[in-house]
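All ligand and atom numbering here is 1-based and tracks the order in the structure. All residue numbers in this chain count up from 1 along the given sequence. Since this is a predicted model, take the numbers as computed values, not measurements.
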Amino acid sequence: MFSTRRDRPEATVTAQLDSLMEAAGDAVFRLDMQGTILYASKRAIDLICPGAELVAKPLSTFILAADRPAIDAIIAQATDSSQPSKTNVRIQTPGAALWIELQVTVYKSEHGQSELLAVGRDISGQQATEERLRHMATHDALTALPNRSLLSDRIRMAIAQSRRTGRGFAVVALDLDGFKKVNDALGHPVGDALLRVAAMRLSETLRDVDTLARVGGDEFVAVLPGAVSEAEIQIIARRMISTMQLPFDIQGHTLYVGTSIGAAVFPEHGDSEVKLLAHADTAMYRAKETGKARCVVYDHEKFTQPEHDVSMEAAMFQAVRDGEFLLHYQPIVDARSRQIMGFEALMRWSRPGEGMVSPAQFIPMAESNGLINLLGAWALKAACVQIRRFEEVAGRPLYVSVNVSPRQFRNDQFLDIMDEAMKLSGLKGEQLLLEITEGILMSDPEHAEALLTAMTSRNVRIAIDDFGTGYSSLAYLKRFPIATLKIDRAFIKDLPGSVKDVAICNVVLSLASHLNLSTVAEGVENKEQLDFLAAHGCGLIQGYHTGRPLLPEDIVTLLKAERSMTASPAAA
Ligand code: C2E
Ligand code: CA
Ligand code: CA
């Protein structure tokens, strides 16, 4: 049926070897130096195809094409080193492909010719276990998605591929909004089930070429080859956001979560795995802070510029010690009577040799390096004390509006600082208005709720600064105890000419009136704007038209003049 060379007298020694190995259950081949089969043992024939004729055929014919280079490599290696050389290859059998461990040794035949002895051992069972282990090491057990380590490989592969093709790709970081609440309230089994469904839904929005990995509790990262423009990324992000907004039916609960997304593109936003992941993450936090359920694409200019000015940062620490920061006060006036009702305290940095540095430049940096806590605490105290002084001059109550940055708001000591400022100055709670942005409320609603409740109990009021620019849903206006909306200058600027701005202002003013909130229009620069706002029910006005931000001594002069005018109305 098949021929062997066992009958060749010179083969006796090796024949003994063969039978030994065969007894050990191994498949034995002898090959010439080109890899052509000279002899195949019974076990070898049974392994490949019982009854087949193997002699004079290249061994590689029976190996899966993908593994043939491995055979060539170990033959070369064995020849080179005269040492046994091993590899794992799959052989194609009439049934499934089998994994065999193949060991190749060069030996001299009795004729003095070099030949190859190849011994194969069936390791399919072991290989399957290894594959399972490999899968476990590279996948997340809960969702079966790739884990961080496989993600890392995929990103590196995408980088290599992009370098070849010149076509970039996006790394997208997602985080479920409100997942922690579900987990805390309903327990981990519900949380886990929710994550599994979320993973499935997200996978369905992606293409075959994309990778979706779970990298932490409720954090996912997707690699999207070819998605490079903001528009392409937003289309994919929109699909992911939409699918996550659908209710989740989990173990009898109907749950609502959502997702915020940040994206970074190779190579513009980072040329390494680390940078891409970090920048996608930064963008995702921006998305959360600015209202959630949205996708923000990383922007170098916007996200990093102030933080990277190292010399300015060093100077800032020095400036805090040297007392170079001061406050200007901008009048906030009644829209009808034009009377000054209060002031917004606006920080300035009087930097020697540089003049006045704008807070737009140094506040973001102070926010990122933590100095804002120190500066903000100082500003709050200084403003409360200053307002009492203004009241004495004016002879009537006034209020002060103080900006609070996200980091201050998150600081555990903030309430204590506020209490201290009021105690120190003797200012009443109702005379203090704290200006925060929508993002602060939305990034951690539970914390915000607790803090705002504590403030309300002291009669301290809260204003939403830059209202309308945060993309937020309006639901939070119901949830939180908010007193005032400050309409952003962007909507005031083109009043009353712009039809759109007229519509927006009207909507905001009517919303505020229904919710019993007071309104301040910011950045009012001329009489037309003022007249429009007064006629449409805006209560308070702040802007260059009614008063620029001024030093305390200039405000004192202003208030003195006002008082002398009201004291002798004839002079008015
Ligand atoms: P903001 O809270 O929106 O402050 C209003 C800004 O508009 C101020 O800029 C003010 O000078 C300017 N402004 C007022 N009226 C007009 C007008 O009629 N036209 C124009 N074009 N602008 C007007 P400023 O003082 O440069 O402050 C910029 C930002 O820096 C503030 O925006 C606020 O977000 C932040 N900031 C200022 N002081 C503090 C502070 O003490 N703490 C914190 N956390 N942030 C502060
Ligand atoms: Ca403000
Ligand atoms: Ca503002």
Side-chain angles (χ1 to χ4, degrees), residues 289-290 306 316 319-320 324-333 335 340 342-350 355-387 399-411 414 417-418 421 432-440 461-470 482-495 508 519-530 533 538 540-552 554-555:
E289 277 170 14
T290 52
M316 216 169 141
V320 175
E324 289 171 13
F325 289 93
L326 51 116
L327 291 173
H328 278 187
Y329 293 86
Q330 184 173 31
I332 297 170
V333 309
I340 295 176
F343 298 90
E344 176 171 0
L346 293 161
M347 213 185 283
R348 298 288 179 264
W349 177 9
S350 165
M356 280 304 174
V357 183
S358 153
Q361 263 177 288
F362 66 80
I363 295 279
M365 195 163 74
E367 169 79 10
S368 84
N369 64 25
L371 261 184
I372 192 67
N373 282 321
L374 210 66
L375 280 177
W378 162 78
L380 187 60
K381 283 181 204 163
C384 289
V385 170
Q386 186 63 61
I387 285 299
Y399 81 89
V400 68
S401 218
V402 180
N403 293 285
V404 178
S405 87
R407 190 140 171 184
Q408 282 175 277
F409 196 78
R410 283 197 303 266
N411 186 338
F414 186 70
I417 291 166
M418 194 184 79
L432 179 61
L433 188 73
L434 298 176
E435 299 194 5
I436 60 176
T437 54
E438 294 160 286
I440 297 186
R461 290 170 301 149
I462 301 296
I464 300 298
D465 204 354
D466 309 334
F467 183 75
T469 60
I482 289 157
T484 302
L485 301 182
K486 298 196 74 174
I487 309 171
D488 194 72
R489 192 172 85 87
F491 306 117
I492 307 294
K493 209 166 39 97
D494 298 322
L495 286 181
V508 173
T519 41
V520 181
E522 291 188 304
V524 175
E525 291 183 343
N526 57 52
K527 187 170 180 312
E528 290 71 35
Q529 294 167 343
L530 173 65
L533 289 158
C538 182
L540 295 162
I541 302 293
Q542 179 183 354
Y544 295 167
H545 182 66
T546 49
R548 288 185 175 255
L550 295 171
L551 281 169
D554 296 327
I555 298 289

Visitor: One thing to verify: whether E525 and K493 come together as a salt bridge, which I'm taking to mean a side-chain N less than 4.0 angstrom from a carboxylate O.
Guide: no
Visitor: Would E522 count as a contact for the Ca ion (ligand 3), in the sense that one of its N, O or S atoms lies under 3.0 Å from it?
Guide: yes
Visitor: Quick check: closest heavy atoms across V524 and L533, and the distance to 0.1 Å?
Guide: CG2-CD1, 3.7 Å
Visitor: Is atom 6 (C) of ligand 1 near the protein, in the sense that some protein heavy atom lies at less than 4.0 Å from it?
Guide: no
Visitor: Using a strict cut-off of 4.0 Å, indicate which atoms of ligand 1 neighbour a heavy atom of P549.
Guide: 11 (O)
Visitor: From the options R489, H545, H328, Q529, select the one whose nearest heavy atom is closest to atom 21 (N) of ligand 1.
Guide: R489
Visitor: How does S405 reach ligand 1, by side chain, by backbone, by both or by neither, if only non-hydrogen atoms under 4.0 Å count?
Guide: both
Visitor: Who's closest to atom 34 (O) of ligand 1 heavy-atom-wise, of L346, V357, N403?
Guide: N403
Visitor: So if I count the atoms of ligand 1 from 1 in the order they appear, which ones are less than 4.0 Å from some heavy atom of Q330?
Guide: 14 (C), 15 (N)
Visitor: For the atoms OD2 of D465 and OD1 of N403, give the angle they form at the Ca ion (ligand 2), rounded to 10 degrees.
Guide: 80°
Visitor: Can you see which heavy atom on C538 is nearest to which on A335, and at what distance?
Guide: O-CB, 3.1 Å
Visitor: Judging by distance only, is a nitrogen or oxygen of Q542 under 3.5 angstrom from one on ligand 1?
Guide: no
Visitor: Do E344 and Y329 have side chains that approach each other closer than 4.5 Å (heavy atoms only, starting at C-beta)?
Guide: no
Visitor: Nearest N/O/S atom of E344 with respect to the Ca ion (ligand 2), by atom name, please.
Guide: OE2
Visitor: What I'd like to find out is whether the side chain of L380 reaches to under 4.5 Å of the side chain of V404, using heavy atoms alone.
Guide: no
Visitor: What is the nearest protein non-hydrogen atom to atom 22 (N) of ligand 1, stated with its residue, atom name and distance?
Guide: Y544 OH, 3.3 Å
Visitor: Is it true that R348 lies under 4.0 Å from ligand 1, counting heavy atoms only?
Guide: yes
Visitor: Less than 4.0 Å is my threshold; does some heavy atom of G376 fall inside it relative to ligand 1?
Guide: no
Visitor: With a cut-off of 3.0 Å, does D466 put an N/O/S atom close enough to the Ca ion (ligand 3)?
Guide: yes
Visitor: Could you tell me the residue and atom name of the protein heavy atom closest to atom 27 (O) of ligand 1, and the distance to it rounded to 0.1 Å?
Guide: P359 CG, 3.3 Å
Visitor: Could you identify the N, O or S atom of E435 positioned closest to the Ca ion (ligand 2)?
Guide: OE1
Visitor: Just so I know, are the side chains of I464 and T484 near enough to count as touching, which here means a heavy-atom distance under 4.5 Å?
Guide: no
Visitor: Would you sort out whether I372 and I363 count as a side chain to side chain contact (heavy atoms under 4.5 Å, CB included), showing the intermediate values?
Guide: CA-CA 7 Å; I372 192 67; I363 295 279; 4.0 Å; yes
Visitor: With atoms numbered from 1 as shown, which atoms in ligand 1 lie under 4.0 angstrom from a non-hydrogen atom of E344?
Guide: 2 (O), 4 (O)
Visitor: Give the minimum heavy-atom separation between Q542 and P331, together with the two atoms involved.
Guide: CG-O, 3.9 Å
Visitor: Out of L380, L375, D466, who gets a non-hydrogen atom closest to atom 3 (O) of ligand 1?
Guide: D466
Visitor: Give a yes or no on whether atom 32 (O) of ligand 1 lies under 4.0 Å from any heavy atom of the protein.
Guide: no
Visitor: What atoms in ligand 1 come closer than 4.0 Å to a heavy atom of E525?
Guide: 17 (C), 18 (O), 19 (N), 20 (C), 21 (N)
Visitor: Whether the side chain of R407 engages the backbone of E367 through a donor-acceptor N/O pair (distance < 3.5 Å, no angle test) should be reported.
Guide: yes
Visitor: Closest heavy-atom contact between A366 and M316?
Guide: CB-CE, 3.2 Å
Visitor: Any side-chain heavy atom of Q386 sitting closer than 4.5 Å to one from V400?
Guide: no
Visitor: With a 6.0 Å cut-off on ring centres, are F362 and F325 close enough?
Guide: yes
Visitor: So is M347 polar-close to ligand 1, meaning N/O to N/O under 3.5 Å?
Guide: yes
Visitor: Of all heavy-atom pairs between L326 and S350, which one has the smallest distance, and what is that distance?
Guide: CD2-CB, 3.6 Å
Visitor: Measuring to protein heavy atoms, does anything land under 4.0 Å from atom 9 (O) of ligand 1?
Guide: no
Visitor: Within a distance under 4.0 Å of any heavy atom of E522, pick out the atoms of ligand 1 and give their elements.
Guide: 3 (O)
Visitor: Atom 2 (O) of ligand 1: which protein heavy atom is closest, and how many Å away?
Guide: D465 OD2, 2.9 Å
Visitor: Identify the heavy atoms of A383 and V402 that sit nearest to each other, and give their distance.
Guide: CB-CG2, 3.9 Å
